Amino acid sequence: MSSFIELVDVKKVYGSGTAAVRAIDGISFTAERGEWIAIMGPSGSGKTTLLNLLGCLDQATSGAVRIDGTDTSQLRRSELVKFRSETVVFIFQQFHLVPHLTSLENVMLAQFFHSMTDEGEALRVLKQVGMEDRANHLPSQLSGGEQQRVAIARALVNDPRIILADEPTGNLDAENQRIVFRLLSELHSQGRSIIMVTHDENAGKLADRRLNLDHGRIKETLIFSSDENQDFDEVLEHLWLRREERDHNEDSGHMETMDFTQVQWRKLIATLAHIGLVTVADGHENFTPAGELRARNVIRRHRLAERLFM
Ligand code: ADP
Ligand code: MG
């Protein structure tokens, strides 16, 4: 049995010759039915291109994109359009509602393009996203968060196998981000497959799995044991305290009380550098922004614990 979604050495090149851009540069992965995958990575790393390949909005230059047994890279244009409408839906950052249609009509339009309209069913999905009392409002009469909920209702109404979301909360405030993530969590618990592009670390943690893209490739995902993570936290804490001492011109000698041998310390620093938490220059360790954030959390946790036990 093959996987629900299976990508084999997929490449997508835009343009040709010296102007060629390798937006996706050899990606392979599989996903099972019902999985929630977060695609993360810096701007320009190929996230949207990958999502568009999965969503049959575009076809790979080479490699196979198999969805539920169908290799979409082999389909003709008209077959691709049909396959897409039966298989996937998109939720975009810009909600893309039709401005002169009401919430209800926007949802029914999606039904119309798919098969046939059913007002009762359209109202039911609007209710599912908490928008039934806005059924007759135009998009311009709705807040951004409400528009995104209508867009989610529109996505759900044809019961898609796969939901693709490209930074679905990119234009929303914190409260509406929470609402959208709660809706996605519900859809996930109903067994739907979700593939979501996001910049949000916390959103990434809601997913079952994360794919980190970099220059059109999947960055190796390293997984560490909790012991190793504890060691990392301890090293980060030492670095933080040492910096505090330096800033305050004092020396309490805490580095002498460390549990690591010099060899262990050097190894740990090398690992932290490799996973992007510290940089080393002239024998001095400095935090990267990610390292700084993690160190601050370690220190905060530690000091809170100290206060609680006092
Ligand atoms: P992300 O969503 O991670 O920001 P994209 O998938 O949009 O990245 O883009 C990946 C790379 O492909 C970028 O260098 C971008 O400029 C390029 N690219 C995307 N779409 C096109 C296109 N239609 N034509 C040419 N280059 C493109
Ligand atoms: Mg993008």
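These numbers were taken from a predicted model, which means no experiment stands behind them. As the structure lists them, so they are numbered: ligands from 1, and atoms in each ligand from 1.
Using cut-offs of 30° and 60° for the angle between ring planes, the Phe90 and Phe92 rings count as parallel. Under the 30°/60° scheme for interplanar angles, the aromatic rings of Phe260 and His238 are found to stand perpendicular.
Here Thr48 reaches the Mg ion (ligand 2): one of its N/O/S atoms is less than 2.8 Å from the metal.
Rounded to the nearest 0.5 Å, atoms CD (Glu237) and CZ (Phe232) are 15.5 Å apart.
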Residues 63-70, side-chain donor-acceptor partners within the protein, below 3.5 Å, at least two apart:
{"residue": "Asp68", "atom": "OD1", "partner": "Arg33", "partner atom": "NH2", "Å": "3.2"}
{"residue": "Asp68", "atom": "OD2", "partner": "Arg161", "partner atom": "NH1", "Å": "2.5"}

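When each atom of ligand 1 is checked for a heavy atom of Pro42 under 4.0 Å away, the hits are 3 (O). The contact set between ligand 1 and Val21, taken as ligand atoms under 4.0 Å from a residue heavy atom, comprises 12 (O), 14 (O), 17 (C).
Looking at residues two or more places apart in sequence or on another chain, you find a side-chain contact (heavy atoms from CB on, under 4.5 Å) between Leu206 and Trp36, Phe181.
The salt bridge (Lys or Arg N to Asp or Glu O under 4.0 Å) test with Glu285 is passed by exactly one of Arg266, Arg246, Arg243, Arg242: Arg242.
Heavy atoms from other residues, nucleotides or ligands lying under 6.0 Å from OH of Tyr14 number more than 12.
The closest approach between any non-hydrogen atom of Ser43 and ligand 1 is below 4.0 Å. At least one heavy atom of Gly44 lies less than 4.0 angstrom from ligand 1.
Atom 12 (O) of ligand 1 has Ala23 CB, 3.3 Å as its closest protein atom, hydrogens excluded (heavy atom only). When hydrogens are left out, the protein atom nearest atom 23 (N) of ligand 1 is Tyr14 CE2, 3.6 Å; that is the closest non-hydrogen contact. Atom 7 (O) of ligand 1 has as its closest protein heavy atom Thr48 CB, 3.7 Å.
In this structure, atom 16 (O) of ligand 1 is not in close contact with the protein, since no protein heavy atom lies within 4.0 Å of it. For atom 27 (C) of ligand 1, the nearest protein heavy atom lies under 4.0 Å away.
In terms of N/O distances under 3.5 Å, ligand 1 is approached by Gly46.
When non-hydrogen atoms are compared, ligand 1 lies under 4.0 Å from the backbone of Thr49 as well as from its side chain.
Residues Glu244 and Arg303 are paired through a salt bridge, judged by an N-O separation under 4.0 Å between the basic side chain and the carboxylate.
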